[in-house]
Student: 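Can you keep this structure in mind? I'll have questions shortly.
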Amino acid sequence: MAKRRIGILTGGGDVPGLNAVIKSVTYRSSENDIEVVGLRRGWEALTHVNLEDPASRSHYIIPLNRDNTRTIDRSGGTVLHSSRTNPSKMKKLPDHLVSSDFPASLSTKGGIATRTWDVTAQVLANLSGLGIDHLIAIGGDDTLSYAAKLNDLGVKIIAIPKTMDNDVRNTEYCIGFSTAITRASDAIQRQRTTVGSHERIGIFRVFGRDAGFTALYTAYATSIRCVIPEYKFDLDKLIQLLVEEKRANPSNYALVVLSEGAAWEGYEVQEYGEPDAYGHRKKASVAESFADEIKRRVGEETITSDLTYDLRSGNPDFMDKLVALTFGNMAYDAILEGKTGRMSALVEGRYDLVPIPDAKLGPRKLDVATTYNTERYRPIYGNKRGLPIFLTRAS
C-alpha cells in the first residue's frame with residue numbers, strides 16, 4: 001500500500017514563521033510514516049511542473065524530511081520560496097502546456113485587453129500525479145481564495161493564514177503580524193533620535209493595502225499618530241495636529257505612521273506597474289506625497305522612512321514562532337482527522353479550526369468605531385476589558 005502523502009506550499013509575500021510551520025508538519029508526519037512534499041513557489045509548482053521532465057520535477061517538488069528541515073525554523077522567509085501565481089488567471093502558459101485547451105477569458109482595462117487561462121484542470125492532474133492526499137496552503141487572502149476553490153472541487157485541503165496585514169477573515173491573527181509590529185516599533189523608536197536631532201516631522205510607511213492593522217498596532221505600541229485605509233483623514237487637520245505636537249515637544253519633533261493604502265479626503269492612492277496575478281498594482285508612497293503636502297502647506301521639514309519590506313525580513317519573534325508552530329500542528333491534526341476546507345485560526349483568543357474564508361467577502365478590516373480615534377488620528381486605548389489578546393474579533 002502506498003504511503004499517505006501531504007503537500008505543502010507557501011504563496012504570496014514571505015513572512016517570518018513560515019519555516020516553523022513547514023518543520024512542524026514534517027516532523028509530525030515522520031512519526032506517522034506519512035510523506036511530505038514541498039511545492040516550490042506556491043501555486044506555480046502545480047501550474048508549471050512537468051511531471052514527465054525530471055529537471056522540472058526536481059525544481060518544483062522537494063521531498064521533506066527531518067534532516068532537511070531540522071534547522072529551517074531558525075530563520076525567516078520560506079525555504080519553499082513563493083510567488084504570486086493565480087492558476088485561475090494565468091497570463092502566460094508554461095511551454096509544455098501552450099498547445100493545451102484551457103478555458104480562456106479576455107478582459108479590458110484602461111483600453112488594454114488581457115487574455116488569461118484557467119489551468120485548474122492541470123493543477124488537479126498534477127496533484128493526482130504526485131499522489132498528494134492532502135494539501136496544506138499557507139498564505140493570505142489571494143492564496144487562500146484559490147485554496148477554497150480547490151476545496152470546492154473536492155481536493156482535501158487545510159489552510160494556514162499568514163500576512164503582516166493581519167487581514168484574513170475568520171481569524172484574529174495571521175502569521176507574520178507580531179514580528180511586523182515588533183520590527184516597526186523598534187525602527188520608529190530608533191529613528192526618534194534622528195528625527196529629534198533634526199527637529200522634523202517623521203513619517204513612516206508600513207504595509208496595509210486594504211486594512212490598517214499594521215499601522216494602528218504600531219501606533220498603539222509607540223504612542224504616535226496613525227492613518228489607516230478604513231478612514232480618509234482631513235489633510236489640513238492632521239498637519240495642524242502634527243505641527244502643534246512638534247512645537248509642544250521639548251525636542252521639537254513629531255511622528256506619524258501611515259498604512260500604504262491610507263489616503264486623505266480628495267486624494268486617490270496612486271498605483272503603477274503591471275497588475276500581479278490577483279489584479280494588484282504597486283502603490284506609490286502616500287508617505288512621500290504627505291511629506292510634500294506638509295512642506296507646501298506649512299513649510300515644515302520632514303523625514304520619510306519606508307519600513308515596508310524590512311518588516312517581513314529576518315527571524316520570527318516569539319509570538320510568531322509560537323503561533324506558526326501551533327497552526328502547523330493544528331493543520332496536521334486536522335489532516336489526521338480527515339478534515340478539509342478548514343483553516344487554523346485564533347478566535348476569541350483561542351486556537352480553533354474555522355472555514356477557509358469566502359474570497360468574495362474581501363479582506364478583514366478594522367472596526368473604526370471601536371479601534372480608531374478619528375478626531376486625534378490615534379488608536380483608541382480605552383474600553384479593552386473582555387477583548388481577546390489581539391484586541392479585535394474575527395470577522
Side-chain angles (χ1 to χ4, degrees), residues 7 9-15 38-53 55-57 59-61 78 80-130 135 137-153 155 157 159 162-163 165 167-168 207 209-210 260-261 269-284 308-309 312 356-363:
L9 61 83
T10 54
D14 66 292
V15 298
L39 306 174
R40 289 190 71 255
R41 293 184 56 77
W43 294 121
E44 183 181 308
L46 294 172
T47 59
H48 283 60
V49 66
N50 181 354
L51 296 181
E52 303 302 317
D53 179 0
S56 175
R57 191 170 184 131
H59 176 70
Y60 283 111
I61 312 301
T78 166
L80 294 180
H81 296 205
S82 188
S83 70
R84 296 191 182 277
T85 301
N86 184 353
S88 295
K89 294 182 179 181
M90 298 284 295
K91 293 182 180 180
K92 182 180 180 182
L93 296 175
D95 292 341
H96 69 287
L97 296 179
V98 290
S99 60
S100 301
D101 185 20
F102 295 111
S105 299
L106 192 64
S107 61
T108 303
K109 189 173 183 179
I112 300 175
T114 302
R115 185 179 181 85
T116 60
W117 290 267
D118 184 348
V119 300
T120 297
Q122 187 65 27
V123 171
L124 296 174
N126 286 333
L127 285 169
S128 177
L130 290 167
L135 182 64
I138 314 169
D141 278 330
D142 294 334
T143 300
L144 301 189
S145 67
Y146 191 72
K149 177 175 181 174
L150 288 183
N151 178 68
D152 291 341
L153 293 173
V155 175
I157 192 162
K162 68 88 211 159
T163 170
D165 295 351
D167 62 355
V168 173
F207 279 122
R209 175 182 293 274
D210 301 298
E260 62 174 323
V269 178
Q270 304 299 306
E271 297 182 335
Y272 64 95
E274 289 292 319
D276 67 15
Y278 293 90
H280 305 310
R281 299 174 68 203
K282 292 182 178 179
K283 292 187 180 294
T308 49
Y309 283 96
R312 66 169 22 131
I356 297 175
D358 182 350
K360 295 190 292 293
L361 296 176

Student: Give the C-alpha distance, both sets of side-chain angles, the deciding distance and a yes or no for side chain to side chain contact (heavy atoms under 4.5 Å, CB included) between I356 and I157.
Tutor: CA-CA 10 Å; I356 297 175; I157 192 162; 4.2 Å; yes

Student: Would you find a donor on one side and an acceptor on the other, under 3.5 Å apart, between the side chain of T85 and the backbone of W43?
Tutor: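 Absent.
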
Student: Quick check: does any side chain N or O of R40 sit under 3.5 Å from a backbone N or O of H59, one acting as donor and the other as acceptor?
Tutor: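 Judged by distance alone, yes, a pair lies under 3.5 Å.
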
Student: Drop me the distance from D95's CG to N50's CG, to the nearest 0.5 angstrom.
Tutor: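 D95 atom CG to N50 atom CG measures 10.0 Å (nearest 0.5 Å).
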
Student: Are T78 and I138 close enough, and set up right, to give a side chain to side chain contact (heavy atoms under 4.5 Å, CB included), and what steps lead you there?
Tutor: CA-CA 11 Å; T78 166; I138 314 169; over 6 Å; no

Student: If you measure from CG on L144 to CG on D358, what distance do you get to the nearest 0.5 Å?
Tutor: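 That separation rounds to 12.5 Å.
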
Student: From M90 CE over to T47 OG1, what is the distance, rounded to the nearest 0.5 angstrom?
Tutor: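 M90 CE to T47 OG1: 4.0 Å, rounded to 0.5 Å.
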
Student: Are the side chain of S100 and the backbone N or O of F102 linked by a donor-acceptor pair below 3.5 Å?
Tutor: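 Judged by distance alone, no pair lies under 3.5 Å.
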
Student: Closer than 3.5 angstrom, by distance alone: can the side chain of T10 be matched with the main-chain N or O of H81 as a donor-acceptor pair?
Tutor: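 Yes, the answer is positive, given that a donor and an acceptor are paired below the 3.5 Å cut-off.
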
Student: First locate atom CG of L46, then atom CG of L150, and finally report the distance between them rounded to the nearest 0.5 Å.
Tutor: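 Spacing of CG (L46) from CG (L150) equals 8.0 Å.
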
Student: Identify the heavy atoms of A148 and P357 that sit nearest to each other, and give their distance.
Tutor: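 Heavy-atom minimum between the residues: CB-O, 4.3 Å.
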
Student: Rounded to the nearest 0.5 Å, how far apart are CG of D14 and NZ of K162?
Tutor: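 Those atoms lie 7.5 Å apart.
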
Student: Filter on salt bridge (charged side-chain N to carboxylate O under 4.0 Å, His left out), then keep only pairs touching residues 99-108, sequence neighbours left out; what's left?
Tutor: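 Residue pairs with at least one partner in residues 99-108: there are none.
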
Student: With side chains defined as the heavy atoms from C-beta onward, is the minimum distance between L97 and W117 less than 4.5 Å?
Tutor: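 SC-SC contact between L97 and W117 ruled out.
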
Student: Could you give the distance from CZ (R209) to CG (D141), rounded to the nearest 0.5 Å?
Tutor: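 Result: 11.5 Å between the selected atoms.
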
Student: Please check if the side chain of S56 supplies one atom and the backbone of V49 the other of a donor-acceptor pair under 3.5 Å.
Tutor: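 No, because the side chain of S56 does not come within donor-acceptor range (under 3.5 Å) of the backbone of V49.
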
Student: Do the side chains of D118 and S105 get nearer than 4.5 Å, heavy atoms only?
Tutor: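 SC-SC contact between S105 and D118 ruled out.
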
